[in-house]
Amino acid sequence: MKRSDILRIVVAALMAVYMPLSLVAFTLKAPIAAQPALLTSIGQSADVEMAKAIMSRAKLSFSMDSLVKAQALASTNAKTLVVVIGGSSKGLGAAGISADAELERAKALLAEAKKRGMKIIGLHIGGEARRGELSDRFIGAAVPLCDYFIVVEEGNADGLFTKLCGTKIPLDIVQKISQVSEPLAAAFAK
Amino acid sequence: MKKLMLALALFVAALGAVSAQLPVNLYGRAAVGANGVVAAAKPEASQVGIDILKKGGNAVDAAVATGFALGVLEPNASGVGGGGFMIIKMKDMAEPVVIDFREMAPGKATPTMYLGADGKVIPNSTVEGGLAVGVPGEVKGLLYALEHYGSGKLSRADIIQPAIQWALQGIPVTVNLASIIKDNFGKLVKYENGAQIYLKDGLPYEVGEVIYNPDLAKTLAKIVKEGEDAIYKGEIAQAIVDEVQKRGGILTLEDLANYQVKIRKPVEGDYRGYKVYSVPPASSGGTHLIEILNILENFDVKKLGFQTPQAAHLWSEILKLTFADRSKYMGDTDFVKVPLAGLTSKAYAKEQAARIDMNASMTPPKAGDPFKYESGSTTHFSVMDKDGNMVAVTKTINYFFGSGVVIPGWGFIMNDEMDDFVATPGSVNSVEPGKRPLSSMSPTLVLDSKGRSFMTIGSPGATRIFPTVAQVISNVVDFGFPIQEAILAPRVYQAASGDLHLEGRYPVSALDGIKKLGHGVSIHADWDAYFGGVHAIVYDYDAGLLYGGADPRRDGQAKAF
């Protein structure tokens, strides 16, 4: 093999890994969710604030309640639940809720949303910092109940989200937080 | 073809540069040199200090330059809007001097200022927004040091210009900084002045990107020209007052004009033949560091073994006793009487040591620990030169990104140091006008048995600071570790009550033994910034070399020449 051929292979491999997201097709072929959405946290990390910025930028109609409970879904007009998963001890402390209570809130909320026929979109955008014992409890409980999931690549280094989503839950993996906007917006009908 | 090769090489090099910044990258943290070492939480800041030494500046010149540079390179942890402590020992000084540039409570502050109508502390009021802001001391402190202890060979411009340069050319977003920005996104997004600098289009910067802060460069240039008056009088002072008050604060022009650096006598002790000097109140750190070492000296630490169940137990018991004292006695000595001599005496340590049962965990002391929520978001750096001139500086804006309040047009973040007071009346550390909130910062200098400069050390990490500094000193003195190994070793932490906190790499083989001694255990990440970020230098006189150690729990890297 010539040296130039080796170089071409290396460049192609690097481009495959670092190719701009705009050149990547997303998993969903058509929108699955309706607006307005209800945005909440599972784990009380600051990531929910990032999701809020992303959804605002995408001009999606939504409201946010980081601690919304299952019972509250009866009085909301939200048609889609967007959950941002990531545990934060600081966030849980500030919210005055224990990890166990947060997990119970999340389970009840997701079950109620399913019961009401709401679509559930899951986001994990905090990367490696939102993995580990605390976060993984929330991830394990919430991801299997989502109808669509977007993860920032760094958080899926061990393939956990790929495994949890399997073939049943459409999963998009993006490289940067700023790239979440495009597939998330595409998941909603205009 | 050549162009393609070059592009590929640059691409791979760029990826390599990003990878090298991973927090767990253990390589290249330490440095060794015959002439001088600077160990700081950012390699670029360490290099600034080294460049000053190479230009003929002394250790204080280098420390001040490094301090200003860190305010730019690690803006989340310290800067113009903050404060701290510096301890200096030049070779011709009989004993070190402490420069206390800790923030003060504003003149209108009261012990009940954080209480709502229901008598309860208003959530978040001590940590975010204008009411959380204390009168900053950093610029007065650093310039005082430069004026009184600098070489006089270098101008203020020589010292501050590197920081200006970094503000203009931009600071690299490392894995560590990217993670901190994400973690504090909720605060940053609330304050548009900070969001404009530290967020990119409203979202966190990604690793490898660059943050520019020309407004901060402008502020630093004004300090070059006008000295401390640039911050404490005139248009910047007015901008500080306007912005802090706009965000609900009570800071006034009089508060800024009246701020004073305090020159203090260090607290001192001996540990197995080494002389230890550290900072007195308004930091509790130095006093308790000496208390810990004094108690530890009553035990044959080496015989207990390194990171055995018995060793962990001993640290736990010593720290419980120390934190019980801290809760009861510690405050600003300008306002309350603190039994400093007793707390640092060998006789008291012996009594405390006698209370420790090496076979069972002590019942937690009754006193609570009102300071346990102190922030760990601080920075420490050390400088030593071939003549043994030593400087240790710990400085902070308290929580990462401080109060969130950023002064528009001037690019610096105001501290939230008021959170280090007890937010309710009745404590020795309750708020009073002009009082300094209790700190744990412990910049420390150690002399060897011949009275020669031996070590300069310190750490961020809130109440973990002095336990961490004590452990690293013990690692060097008791176990003979090189300074970098002493810094890398996993750490423990114990408050007055609650679980014993262990860093993730603490030997698994010790866990059962620790639990059998009656300790609850909380295991943290393998490399956890919770336990601080030590930057230290040790002088090896036999080799004629200075060894700098830096902490991978932060972006630490020492530089030497």
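The chains referred to below are lettered A, B, ... by the order of the sequence lines, with proteins before strands, and numbering in each begins at 1. Because the structure is a prediction, the values reported are computed rather than measured. In what follows, every heavy atom counts, from backbone to side chain, and hydrogens, waters and symmetry copies are set aside.
- Neither the backbone nor the side chain of B/Asn124 has a heavy atom closer than 4.5 Å to any heavy atom of chain A.
- Contacts between B/Pro123 and chain A at a heavy-atom distance below 4.5 Å are absent for every atom of the residue.
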Derivation and outcome, salt bridge (charged side-chain N to carboxylate O under 4.0 Å, His left out), residues B/Arg491 and B/Asp551:
CA-CA 12 Å; B/Arg491 298 172 190 157; B/Asp551 207 318; 2.9 Å; yes
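- Heavy-atom distances place both the backbone and the side chain of A/Ser178 under 4.5 Å from chain B.
- Note on ring orientation: taking the six-membered ring where Trp is involved, the planes of B/Phe531 and B/His524 are perpendicular (angle over 60°, cut-offs 30° and 60°).
- Proximity to chain B (any heavy atom under 4.5 Å) is restricted, for A/Lys90, to the side chain, taken from C-beta onward.
- Taking 4.0 Å as the cut-off between side-chain N and carboxylate O, B/Arg247 and B/Glu192 count as a salt-bridged pair.
- Of the charged side-chain nitrogens involved, none lies within less than 4.0 Å of a carboxylate oxygen, so that B/Asp528 and B/Arg505 do not count as a salt-bridged pair.
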